[in-house]
Amino acid sequence: MVDTGHLSLHVPEPAVRPGGQPDFSNVKIARAGAVPRPDVDAAAEDIRDLAYSIIRVLNRDGEAVGPWAGLLSDDDLRTGLRHMMTLRAFDARMLMAQRQGKTSFYMQHLGEEAVSCAFRKALNKGDMNFPTYRQAGLFIADDYPMVEMMNQIYSNESDPLRGRQLPIMYSSKDHGFFTISGNLATQYVQAVGWAMASAIKNDSRIAAAWIGDGSTAESDFHSALVFASTYRAPVILNVVNNQWAISTFQGIARGGSGTFAARGLGFGIPALRVDGNDYLAVHAVACWAAERARRNLGPTLIEYVTYRVGAHSTSDDPSAYRPKTESEAWPLGDPVLRLKKHLILRGLWSEERHVQAEAEITDEVIAAQRKAEEHGTMHAGGRPSVRDIFEGVYAEMPPHLRRQRQKAGY
Amino acid sequence: MVDTGHLSLHVPEPAVRPGGQPDFSNVKIARAGAVPRPDVDAAAEDIRDLAYSIIRVLNRDGEAVGPWAGLLSDDDLRTGLRHMMTLRAFDARMLMAQRQGKTSFYMQHLGEEAVSCAFRKALNKGDMNFPTYRQAGLFIADDYPMVEMMNQIYSNESDPLRGRQLPIMYSSKDHGFFTISGNLATQYVQAVGWAMASAIKNDSRIAAAWIGDGSTAESDFHSALVFASTYRAPVILNVVNNQWAISTFQGIARGGSGTFAARGLGFGIPALRVDGNDYLAVHAVACWAAERARRNLGPTLIEYVTYRVGAHSTSDDPSAYRPKTESEAWPLGDPVLRLKKHLILRGLWSEERHVQAEAEITDEVIAAQRKAEEHGTMHAGGRPSVRDIFEGVYAEMPPHLRRQRQKAGY
Amino acid sequence: MARMTMIEAVRSAMDVAMGRDEDVVVFGEDVGYFGGVFRCTQGLQAKYGKTRCFDTPINESGIVGTAIGMAAYGLKPCVEIQFADYMYPAYDQLTQEAARIRYRSNGDFTCPIVVRMPTGGGIFGGQTHSQSPEALFTHVCGLKVVVPSNPYDAKGLLIAAIEDPDPVMFLEPKRLYNGPFDGHHERPVTPWSKHELSDVPDDYYSIPIGKAEVRRQGSAVTVIAYGTMVHVALAAAEDTGIDAEVIDLRSLLPLDLDAIVKSVSKTGRCVVVHEATLTSGFGGEIAALVQEHCFYHLEAPVMRVAGWDTPYPHAQEWDYFPGPARVGRALTDVMEA
Amino acid sequence: MARMTMIEAVRSAMDVAMGRDEDVVVFGEDVGYFGGVFRCTQGLQAKYGKTRCFDTPINESGIVGTAIGMAAYGLKPCVEIQFADYMYPAYDQLTQEAARIRYRSNGDFTCPIVVRMPTGGGIFGGQTHSQSPEALFTHVCGLKVVVPSNPYDAKGLLIAAIEDPDPVMFLEPKRLYNGPFDGHHERPVTPWSKHELSDVPDDYYSIPIGKAEVRRQGSAVTVIAYGTMVHVALAAAEDTGIDAEVIDLRSLLPLDLDAIVKSVSKTGRCVVVHEATLTSGFGGEIAALVQEHCFYHLEAPVMRVAGWDTPYPHAQEWDYFPGPARVGRALTDVMEA
Ligand SMILES: Cc1ncc(C[n+]2csc(CCOP(=O)(O)OP(=O)(O)O)c2C)c(N)n1
Ligand SMILES: Cc1ncc(C[n+]2csc(CCOP(=O)(O)OP(=O)(O)O)c2C)c(N)n1
Ligand SMILES: [Mg+2]
Ligand SMILES: [Mg+2]
């Protein structure tokens with residue numbers, strides 16, 4: 001029997017709380033270009049280190065360096081910048097719309113634009129995403145009409161989801177975007193199932209699962225990893241580590257593991273960690289994982305290291321739990337500015353063109369907004385019918401629902 | 001875009017099915033004594049290898065070798081052997097009792113006796129186990145009265161659980177044995193909670209969680225690891241890998257990870273893999289983990305590599321899904337025979353004493369059985385009251401239950 | 001046409017469905033090589049291959065969650081939860097996902113899955129092998145809930161469930177797997193082969209979900225039951241000699257309210273029977289509907305006979321099970337009320 | 001004595017309980033430093049320290065599972081599920097573990113936990129921030145289910161729940177957090193400070209679980225409600241001028257059947273109201289009990305007003321919510337029946 005002192009409970013805390021000096025000195029960041037790029041058929045056990053480093057392509061000077069660079073054409077890069085800028089402008093307008101009472105709720109992507117915008121470019125038509133509420137870049141980068149997004153956000157008469165869903169809980173099969181769930185993590189294992197189905201049918205389409213750092217704690221994260229690992233499903237398991245889960249810092253979900261990517265290691269799933277604010281790195285890593293999936297080599301787990309600059313949602317005020325200036329101290333910078341710098345450095349872009357693009361994009365967003373608002377906003381103008389409450393619960397309306405619909409007067 | 005062939009679904013299969021030749025050549029087994037014994041405060045990342053090897057003490061010749069040997073006194077070892085023999089004799093009698101219709105159901109430990117018997121000896125009075133249905137050795141090695149176990153198995157008038165629970169779903173707070181759940185894995189995270197409570201109260205007691213290989217796939221396994229990792233709970237997370245989950249071989253739950261122990265690595269939890277049929281190794285590893293917990297160093301995950309020699313339960317017939325002779329081919333041998341050999345080698349035991357001990361133990365078990373049967377068996381003699389159905393749902397019986405009890409005539 | 005047990009009928013339904021439609025896949029714990037702990041999927045892996053019938057890790061949320069993903073892809077998964085008592089880890093996926101996919105995507109995605117699960121007691125399974133959780137599904141819009149009481153229905157309804165465009169919870173009363181158990185546990189077991197409803201076509205047929213069936217015509221009182229309790233109700237009618245009309249609901253959601261109202265309007269009396277615990281059980285819903293729709297016909301309060309509001313005890317199983325004696329007492333009571 | 005909102009009352013209950021008993025611990029998602037997304041635990045971490053009030057990983061099964069383990073150890077955990085809509089991942093731990101520990105161990109282990117969760121709609125939260133899952137708990141023996149309708153009850157009942165030796169599901173109608181919302185969403189919000197039941201003692205007091213309260217005396221019809229619907233029912237009575245007796249159940253399990261029977265025996269008419277979906281909702285149980293126990297007093301069928309059997313839609317929230325107009329119509333109908 002060992003003689004021991006008293007036990008005590010360890011409760012992790014972020015380095016700084018409101019009032020303190022933001023401090024990310026604990027965040028270890030590899031030099032851009034420093035992390036090797038293994039072959040896609042490398043054995044999981046030979047590339048465990050990738051779960052503990054950070055794959056980066058863009059360096060401080062805006063150069064694209066190292067083995068993960070070089071996949072994107074000049075046009076791709078300019079398009080990528082435009083997508084991120086569009087998403088940012090879209091967010092800004094919709095945030096304002098929410099403040100104006102045109103919708104009940106909104107969630108923005110500020111600081112995380114690179115993740116979903118760059119990822120989308122690694123997928124093919126027909127592939128399926130199972131997104132959370134913070135991947136609208138998948139839509140923007142796939143040219144899904146903004147006005148449709150807004151119709152959904154406004155719950156107006158043209159809302160493709162008939163007012164049934166909370167704003168931003170989009171769905172579009174055509175655009176490879178599975179209906180978003182309000183229940184965290186449930187979609188992660190569904191993505192694995194979709195990928196298994198594709199494999200069962202000897203198809204070539206792959207799936208992408210999405211989850212936040214905080215939500216990796218949910219049980220369905222585990223279910224997904226177990227099934228993906230066992231059946232070697234052609235799925236990309238994305239973890240967006242934006243440092244926060246509402247008011248809870250990532251250390252609570254991560255616990256004693258060094259990184260979220262490390263969670264994959266216990267399943268023999270290759271796990272990469274990538275600079276989520278680096279459009280080129282995100283894209284390169286996503287392509288690597290997509291190729292693995294398509295070549296029937298199985299799942300890949302990717303942790304995107306990024307930072308949630310804005311509030312969790314329009315219902316949240318982060319100044320209550322983290323220093324206001326924390327986002328400025330975030331060492332991986334701003335994804336839009338970093339790609340802009342790279343493009344300018346390569347002579348593909350200029351400050352002037354940027355300002356001009358910003359104006360154009362704002363116009364586009366405003367035009368879309370105007371069009372959407374013709375169909376109504378949350379509390380004004382056209383709206384979905386009360387009938388829509390009762391439709392779509394089942395393919396065919398059962399008698400008891402018909403009776404209720406009649407009782408409601410429709 | 002990568003040009004790819006067609007996808008296909010990988011469905012893992014055991015090496016051999018009925019009709020085939022048992023084959024464990026894929027099971028890599030370290031030499032006894034070969035795996036180092038790190039300090040208990042070693043960092044998880046420095047001892048990752050321990051999750052992929054097998055800690056063994058008893059070698060083929062029955063010698064105890066290497067850094068994990070040497071913890072147990074001669075008496076301890078003889079007692080250990082006796083416990084395992086008792087558990088085996090107990091199982092044999094109760095299996096027979098089930099066949100005789102004296103109870104509805106039974107689950108045995110054949111081949112796995114070392115795990116729970118040796119583990120118990122690493123705990124102190126007051127520590128709490130959250131067992132599955134296959135750890136009765138925790139009782140035997142803590143001198144819990146066999147007659148009480150039998151009373152429970154028989155659901156007789158002296159059943160401490162008043163006939164409410166399936167046979168072998170024991171409970172005893174006094175003996176550090178949490179009430180067994182029929183729902184797999186639920187108890188794993190409860191153990192973490194118990195340990196957290198002990199830490200919150202600055203107590204020195206620790207908890208032990210138990211789960212089977214198959215059940216690690218359940219979500220609560222994940223919940224447990226997340227919470228244990230985050231709060232560094234003083235808990236030992238035991239995984240008993242007996243190769244089978246009813247008809248399902250361990251490869252289905254394990255998937256692409258090399259081992260079950262590896263699951264701990266993604267959480268920064270030190271993970272050890274141990275020869276589960278080696279009483280000395282099990283005990284040594286358990287002591288190591290218990291010391292870690294007591295010294296407030298947090299959780300340890302232990303995978304016990306063993307083999308379920310018998311059927312899953314009395315409702316199961318393994319010849320339908322695995323070769324009948326598979327258990328004979330199992331490379332880690334029989335825990336009772338291995339410890340016996342060691343004791344004989346050290347001059348602490350002999351064939352004669354073994355035979356004599358077997359007889360004594362059988363007598364003890366039979367005596368206990370006789371005593372239990374005086375209080376009835378499943379379908380004969382004394383039984384719990386119908387009243388017991390209604391008691392204990394709540395501390396105080398609410399009116400509607402009282403009405404129902406009266407309706408039932410009690 | 002063959003004599004089938006309920007196990008064989010369920011197996012035959014999956015076999016027929018898999019044979020007709022390549023998109024039907026079957027999986028769950030131990031269902032692959034072994035064919036399931038109740039052997040309902042025996043032979044399917046050998047016949048249709050490992051990628052259409054396979055074992056899964058023990059993770060019910062994963063089973064249902066992957067099935068939902070497969071259904072979104074376009075397959076028609078028919079999965080097994082080993083015992084209904086183990087569906088709880090999948091409850092989130094069942095109720096918040098499967099049941100909601102069509103609605104929240106406005107039909108862009110759908111969820112045609114079937115979740116089979118053995119329910120009910122009578123096998124000395126104790127509190128975790130005996131539950132009847134149907135009321136936990138009937139409260140969830142978007143799900144359908146089916147409970148067959150015999151081999152013929154089991155096959156026809158399971159085929160209908162697999163073809164249904166929405167998620168169907170298919171509850172199989174395990175005490176009926178091998179015979180039409182009527183609650184007289186003290187008597188020898190009758191096998192299905194002696195029962196006319198074990199005459200099951202080998203080929204395809206389906207029974208519409210949402211239609212009840214009158215199992216016994218009667219004029220004195222309406223007994224509403226499903227699953228095992230149909231046979232118990234019939235036995236109670238015989239035992240008491242009361243001229244009960246016994247309705248086998250077969251489908252709880254959607255519910256055949258017309259059949260219920262028609263019968264109770266005729267008899268003026270009603271007893272609802274289920275094995276699940278009483279409080280907030282599905283019997284409450286039926287009693288509420290009956291008094292609402294047949295108020296002016298009722299000559300006595302609607303009575304409920306159900307499992308006691310306790311966990312299913314192991315040893316006192318027959319004191320817990322609402323057998324023919326208890327149902328018979330309710331029949332007498334309601335006639336005298 | 002202070003004027004408290006329901007949030008303040010709930011917070012005060014935990015504060016008092018933690019102050020009196022060192023074994024009371026409070027945890028859940030965002031409840032530690034931040035004090036919960038509804039701010040119900042604000043200040044508790046600062047006052048009682050990080051090991052008695054803390055943030056958890058986002059894993060509801062883990063929250064409840066660890067709470068069960070702590071309770072087995074001897075603590076009294078009071079945990080928060082951020083929205084009742086997110087209790088489903090914990091449903092297995094709640095129903096198969098918390099509810100069963102005492103029974104299956106014959107009292108050797110017990111499970112005195114409280115699980116708080118905001119319920120109900122009215123805040124444009126859509127289908128995953130609006131649910132009322134009480135019927136999924138009332139069907140589970142071993143649980144207690146409490147739903148307060150005002151600050152005074154919220155505090156007294158929460159203290160009683162924390163002291164209770166068994167697991168209590170404590171459902172907080174979030175639409176009531178800041179005022180006695182009566183369903184007239186078109187009117188300005190009244191704050192709690194104007195309501196007498198916001199007069200809440202700062203110190204310890206408790207209200208026994210299992211006792212209903214008559215909120216309005218009346219002779220024409222009994223309205224049975226709980227949570228937000230109590231205020232809606234009162235508004236409907238005012239709006240229609242029908243002399244309704246309004247019963248606030250406060251506790252659904254155990255249920256105060258005596259209070260119900262007493263009132264319905266007097267009025268002869270009964271309307272049950274809840275926000276949860278109709279089919280298999282707790283209203284079915286109440287209707288079944290009322291017709292069983294008051295059959296000969298009833299002059300009309302028991303009516304139910306409830307949420308439609310659909311998910312809670314986002315935009316059509318007020319067409320979904322069973323507001324005073326719908327309750328009023330039921331009152332009129334039941335008077336004319
Ligand atoms: C099952 C479930 N539990 C809790 C919530 C409430 N909730 C919504 S978002 C959120 C935080 C998620 O954080 P993270 O996964 O890191 O994603 P992020 O918001 O940072 O993108 C929580 C707790 C929920 N939606 N579902
Ligand atoms: C939640 C749940 N799902 C399924 C079962 C049915 N079941 C009982 S034991 C078992 C196999 C468990 O295998 P393992 O964890 O390896 O433990 P072992 O029996 O080998 O000791 C299964 C599937 C259950 N009891 N609970
Ligand atoms: Mg986050
Ligand atoms: Mg096993």
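Heavy atoms only: backbone and side chains are in, while hydrogens, waters and symmetry mates are out. Chain letters run A, B, ... following the sequence lines, proteins first, then strands; residues in each count from 1.
- The most heavy-atom pairs under 4.5 Å with chain C, out of P311(D), A288(D), S61(D), come from P311(D).
- P89(D) places none of its side-chain heavy atoms less than 4.5 Å from the side chain of Y91(C).
- Contact of L253(D) with chain C is made through the side chain alone, with heavy-atom distances under 4.5 Å.
- With chain C as partner, the option from A135(D), G283(D), A287(D) having the largest number of non-hydrogen pairs under 4.5 angstrom is A135(D).
- Both the backbone and the side chain of A337(C) come within less than 4.5 Å of a heavy atom in chain D.
- Closest approach of F295(C) to L298(D), counting heavy atoms only: CZ-O, 3.6 Å.
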> What do the steps show when you test H139(D) against E134(C) for side chain to side chain contact (heavy atoms under 4.5 Å, CB included), and what is the final call?
Replying inline: CA-CA 11 Å; H139(D) 189 43; E134(C) 62 273 10; over 6 Å; no
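- If you measure heavy-atom distances from T95(D) to chain C, the contacts under 4.5 Å come from the side chain alone.
- Within 6.0 Å of NE2 in H297(D) there are 12 or fewer heavy atoms belonging to other residues, nucleotides or ligands.
- For E299(C), the part lying near chain D is the backbone, with the side chain staying farther off; criterion is any non-hydrogen pair under 4.5 Å.
- Heavy-atom pairs under 4.5 Å with chain D were tallied for P301(C), G284(C), C294(C); the largest tally goes to P301(C).
- The environment of NZ in K266(C) is crowded: more than 12 heavy-atom neighbours from other residues, nucleotides or ligands sit within 6.0 Å.
- Checked by atom type, the side-chain pair Q96(C)/Q131(D) shows a donor-acceptor distance below 3.5 Å.
- Using a 4.5 Å heavy-atom cutoff, the side chains of E292(C) and V302(D) are not in contact.
- Of all non-hydrogen atoms in E285(D) and G281(C), the two that sit nearest each other are OE1-N, 4.3 Å.
- At a threshold of 4.5 Å between non-hydrogen side-chain atoms, the residues T128(D) and R104(C) do not count as touching.
- In this structure, CG in L289(D) is found 7.5 Å from CG in L278(C), a value given to the nearest 0.5 Å.
- Here D92(C) contributes atom CG and E60(D) contributes atom CD; the two are 8.0 Å apart, rounded to the nearest 0.5 Å.
- Inter-residue side-chain proximity for C141(C) and W308(D) is flagged as unmet; no heavy-atom pair is nearer than 4.5 Å.
- Of the residues considered (Y296(C), Y86(C), Y88(C), F137(C)), Y88(C) shows the highest number of contacts with chain D, using heavy-atom pairs under 4.5 Å.
- Interface summary for chain C: among L136(D), D309(D), L94(D), the most heavy-atom pairs under 4.5 angstrom belong to L136(D).
- A distance of 9.5 Å separates OG in S280(C) from CG in L255(D), rounded to the nearest 0.5 Å.
- With values rounded to the nearest 0.5 angstrom, T279(D) atom OG1 is found 11.5 Å from L252(C) atom CG.
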